[in-house]
Amino acid sequence: MNRLCRTEVESMLRAKKLSNLLLIMMLVLLLFPVALTLYMVSIMNNSELALVENQKAKLNRAVDDLDSSMHTSFTGILSNNRALTAPRDKQAAVLNQALREPINQISRKYPRVQVGFYLPSLNLVLDGSSGYRQNIPPRYKSAFEEVLSRQDTVVHTIGHGSSGVLEIYRPYYRDDKLEAVIWATENLGHTSFYDRIRQMEINSYAAAALVIFFALGGALLLMRSFVKGVQRIKEGLQTLQYDLDRRLPEAPGELGEIAGAINGLAERLTDVYKYNQLMLATIDDAMLVVDAAGRVVIANAAAARIFELPPDCQDRHFNEIFPSGSPFTGLLQNTLETGRQYKDFKPGAGAPQLLASTALLTDGRQHKVGAVLYCRDVTETMRLEDRVHRQERLASLGKLVAGVAHEIRNPLTSISCYIQLWQKTNKPSPRALATMYSEVTRLEGLVEQLLYFARPAESRFVPYELNRVVEKVLRFFREVYRQPPEIHARLAPDLPPAWIDPDQIERVLMNVIYNSCQAMPDGGRLEVETAYDRPSDSLLVTLTDSGCGIPAGNMRHIFEPFFTTREKGMGLGLAIAHEIIQAHGGNIEVESRVNRGTTFRIYLQRKEETHAPVSACSG
């Protein structure tokens, strides 16, 4: 048990190995460069922020030092140099002279840092040089005005990276009076910090490129192994198309599971194929299956024997394998081209006696994929049926002989008695002659009906309108019958012609309606209806009466000769009707309920489609 569990665990681990490797490599390929890039951006942003903050502190110290180095106000400087009322140029020169030494000290202490003052009273920018700025750029002017209005320090960062400039503006107070704005500025590109950042970027990008290279290389190697495994499975599948006994080689991971599943499926297909072959070999009926192009897919041994097929018929077109003039080629061709399906078609007379059927094969989307030809050898079945029919005819003949003997014995007995009486008296009485004549007439009617009962095969079929026959019979009963029932007819218009012998069908309707009238001695209702019955593709005559009905025990005997429930009935009317309908290839059905009435349904064939199957085979 432990060994089995360990084997299952190892199998699960092997199955997941390849998928885990692929997943890990893809994660490394995608996530590591992204994480490395985010880390680099974070470092560079933090470095730039640190540089800006460091430079801000430096400029603040420079501004503090310059502020503390000034021991008097600008008004004091001008007063000490007697320049309070001097022209603007003179005042600017005096102030620059006084600021030169403090500003130089700051420049020596903080290289690359520029400092100075802005005097709003004179609208001058002083930086300790020999001159002064009369035209102040709008950007500086806006910064000076912002400091003066807010009376607070303002910091500006202009540009980005190595071209950026950091500027600080602070209000300058003396004697609690805002006299000027101290400013300090430095070009960040003059520092070496950005060089270090660029070097770090180069190193980081190189590392990321190296990681991506190795990740791509590993992924490509893994994918190459995966593709090779898939290619082996593909080649194995191509081999399995023609040889189900071949097996796919083992492979790691999911590919191994796929290969194992395909091998298992191939084994099952092999077993099913063997079972199918054995089953087809044991079937005595011929079965031939072709694809949509007409190539043979399945042909069992019975098909090869009955259709006289060559041994190498597989994958060949069916027109090439059937003997010349075979009717089966036309059946298959017509089924494939038009979709027509045949049921129990007789391809020809003689032995053996065959019944062929065809069917169109479709897929789930109702697209044609092929056709099947199925053929049964019914020679022995027909012989057995003939033997059974012969036995049935002999049994019927026995019943018929018994019935005929019974029906003939009574008239002959009466005639014999009257003849004996005639011999004794030597003089026939008129009553005796009338009785003998009546009995002879009865015997003549019996013989006539027996002859008609025995001649259903002499029908002369023609295409004929069924409604005309029905109307003729109903008109006869309305005119001749002394107490006709109430007759209601519903005849369907536009019925196709029926394939019948009109005289015989007329006799059938006469017999059925006569029986219905006998079941309604006190009058009643008779409904006659014609229709086209689509399920059976036949014409239907329905006759329903409101008579006494037929008991359930008599239902199975009503079509037997000489079966009757009336005293003077012969019992041949419905038997003759049944024989005629059978000879027409139709059917007659009866439903009855005692004291509720009886319904006869007579099914007749439509006009015969002359030689339809033969024409299908002629192509």
Side-chain angles (χ1 to χ4, degrees), residues 403 449 452-453 456 465-493 495 498 500 502-536 538-605:
Q449 290 205 52
Y452 198 91
F453 178 73
E465 294 183 15
L466 182 60
N467 286 344
R468 290 180 59 186
V469 180
V470 176
E471 290 173 348
K472 181 179 179 181
V473 173
L474 294 181
R475 186 165 55 250
F476 171 80
F477 269 90
R478 288 192 181 104
E479 294 175 355
V480 176
Y481 203 79
R482 288 181 295 177
Q483 293 181 348
E486 183 181 347
I487 299 176
H488 296 270
R490 293 191 300 272
L491 307 183
L495 284 179
I500 59 176
D503 293 334
Q504 290 192 353
I505 297 301
E506 181 180 332
R507 188 180 186 93
V508 170
L509 296 176
M510 293 281 287
N511 288 340
V512 173
I513 295 177
Y514 180 77
N515 274 272
S516 297
C517 293
Q518 291 294 318
M520 299 182 290
D522 299 326
R525 180 184 179 91
L526 175 64
E527 296 182 357
V528 182
E529 182 180 358
T530 61
Y532 170 62
D533 186 66
R534 189 172 300 277
S536 62
S538 58
L539 301 180
L540 172 63
V541 182
T542 305
L543 302 103
T544 304
D545 64 56
S546 59
C548 60
I550 303 173
N554 295 339
M555 285 291 292
R556 60 191 182 94
H557 301 295
I558 60 175
F559 295 122
E560 293 180 1
F562 299 107
F563 175 80
T564 181
T565 58
R566 297 194 303 272
E567 280 186 33
K568 297 183 179 181
M570 292 186 183
L572 289 175
L574 290 182
I576 291 174
H578 185 267
E579 289 296 320
I580 292 174
I581 296 301
Q582 290 292 318
H584 277 68
N587 190 25
I588 182 168
E589 298 175 354
V590 185
E591 291 182 5
S592 184
R593 297 177 64 184
V594 177
N595 298 325
R596 294 292 183 89
T598 304
T599 298
F600 283 82
R601 294 186 182 89
I602 301 172
Y603 295 87
L604 297 170
Q605 293 184 352

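Quick caveat, the model's predicted, so the values are computed rather than measured.
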Can you give me the closest heavy-atom contact between V469 and P502, atom names plus distance? CG1-O, 4.2 Å

Side chains of E506 and F476: closer than 4.5 Å at any heavy-atom pair? no

Between T599 and T542, does the side chain to side chain contact (heavy atoms under 4.5 Å, CB included) criterion hold? Intermediate values first, please. CA-CA 7 Å; T599 298; T542 305; 3.8 Å; yes

Determine whether Q605 and H584 make a side-chain contact, defined as any pair of heavy atoms from C-beta on separated by less than 4.5 Å. no

Heavy-atom distance under 4.5 Å between the side chains of L495 and E465, does that happen here? no

Has the side chain of S546 got a donor or acceptor atom that lies under 3.5 Å from a matching backbone atom of R525? yes

Rounded to the nearest 0.5 Å, what separates atom CG in L491 from atom OG1 in T530? 4.5 Å

If you define the side chain from C-beta out and look only at heavy atoms, does anything of L474 sit under 4.5 Å from I513? yes

Within 6.0 Å of OH in Y603, more than 12 heavy atoms from elsewhere: yes

I need the minimum non-hydrogen distance between T598 and G549, along with the two atoms involved. OG1-CA, 3.6 Å

Distance in Å, Q504 CD paired with M510 CE, rounded so as to fall on 0.5 Å steps: 14.5 Å

If I compare all heavy atoms of V594 with all of P551, which pair ends up nearest, and what's the gap? CG2-CA, 3.8 Å

Rounded to the nearest 0.5 angstrom, the OG1-CD distance for T544 and E591 is 9.0 Å

Side chains of R507 and N511 in contact at under 4.5 Å (non-hydrogen atoms): yes

N467 side-chain N/O to A492 backbone N/O, donor-acceptor pair under 3.5 Å: yes

Given the options V470, V473, I500, I505 meets side chain to side chain contact (heavy atoms under 4.5 Å, CB included) only with I500

Kindly compute the distance separating OG (S516) from CD1 (I487), expressed to the nearest 0.5 Å. 10.0 Å

Check whether any side-chain heavy atom of L540 lies under 4.5 Å from a side-chain heavy atom of Y532, and answer yes or no. no

Look up atom CD1 in I581 and atom CD in E589, then write down how far apart they are to the nearest 0.5 Å. 12.0 Å

Heavy-atom check, side chain of L574 versus side chain of I588, under 4.5 Å: no

Nearest 0.5 Å, what's the CD1-OG distance between I602 and S538? 12.0 Å

What pair of heavy atoms forms the shortest contact from Y514 to F477, and how long is it? N-CZ, 3.8 Å

